[in-house]
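To keep things clear, I will list the structure first and then write my remarks on it.
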Amino acid sequence: MANEQNLIPWNKRTESEQREYASQGGKKSGEVRRQRKAMKEQMEMLLSLPCNIQDRDGNDVAETLSTLLGIDKDKIDNQMAMIISLWKTATNSNSSQQVQAFREIREIVKDEESVNDDNRVQIINDLPRDDEDD
């Protein structure tokens, strides 16, 4: 539990303290953004690599998927393998995660316009209400 004497409200701190804490927050925010960006780039690179995974029996997964689904083996990268796995989960009637997989697929294929909220009209009511004066 925090010591109550150490809790100083923001408006009670000096300008130099506020500036220092804001500077620290800005630096930390930039660091976290750079880490997230690097992680996203690394994940995109990993997903774009050719799928060279083997199943439990030692069979090449890309070769099996190519044979079963008729997809060119050269087009099966890690991302495609994951999407196929998600599709298999959604179509497997014995899977307890079938509905969750279906929802994820629906989210992936959702139309860009329906995902983008920038086109919506937003109503901001910041006017004081008449009954607040009482």
Self-check item: Ser16: side chain to side chain donor-acceptor pair (under 3.5 Å) partners, not counting sequence neighbours
Solution: Thr14

Practice problem: In plain terms, say whether Lys28 and Glu31 are close enough for a salt bridge, that is, a side-chain N and a carboxylate O under 4.0 Å apart. | Solution: yes

Quiz item: Measuring from Trp87:CH2 to Asn92:CG, what's the distance to the nearest 0.5 Å?
Solution: 10.5 Å

Could you list the donor-acceptor pairs under 3.5 angstrom formed between side-chain atoms of residues 59-73 and any protein atom two or more places apart in sequence or on another chain?
from, atom 1, to, atom 2, distance (Å)
Asp60, OD2, Lys73, NZ, 2.9
Glu63, OE1, Lys73, NZ, 3.4
Thr64, OG1, Asp60, O, 3.0
Ser66, OG, Ile71, O, 2.8
Thr67, OG1, Glu63, O, 2.9

Practice problem: May I have all residue pairs that pass salt bridge (Lys or Arg N to Asp or Glu O under 4.0 Å) and include part of residues 8-17, sequence neighbours excluded? | Solution: Arg13-Glu17, Glu15-Arg19

Exercise. Look up atom CG in Asn78 and atom CE in Met43, then write down how far apart they are to the nearest 0.5 Å.
Key: 10.0 Å

Quiz prompt | Those residues that, when tested against Gln24, pass side chain to side chain donor-acceptor pair (under 3.5 Å) (two or more places apart) | solution = Glu20

Output a table of donor-acceptor pairs, distance under 3.5 Å, between side-chain atoms of residues 45-54 and any protein atom two or more places apart or on a different chain; print 'none' if there are none.
from, atom 1, to, atom 2, distance (Å)
Ser48, OG, Glu44, O, 3.3
Ser48, OG, Met45, O, 2.8

Exercise. Can you establish whether the number of heavy atoms outside Gln98 located under 6.0 Å from its atom CD is more than 12?
Key: yes

Quiz item: Who pairs with Glu104 by side chain to side chain donor-acceptor pair (under 3.5 Å), at least two apart in sequence or on another chain?
Solution: none

Exercise. Taking the side chain as every heavy atom from C-beta outward, state whether Ile105 and Ile83 have any atom pair closer than 4.5 Å.
Key: no

Quiz prompt | Distance-minimising heavy-atom pair for Ala22 and Trp10 | solution = N-CH2, 4.4 Å

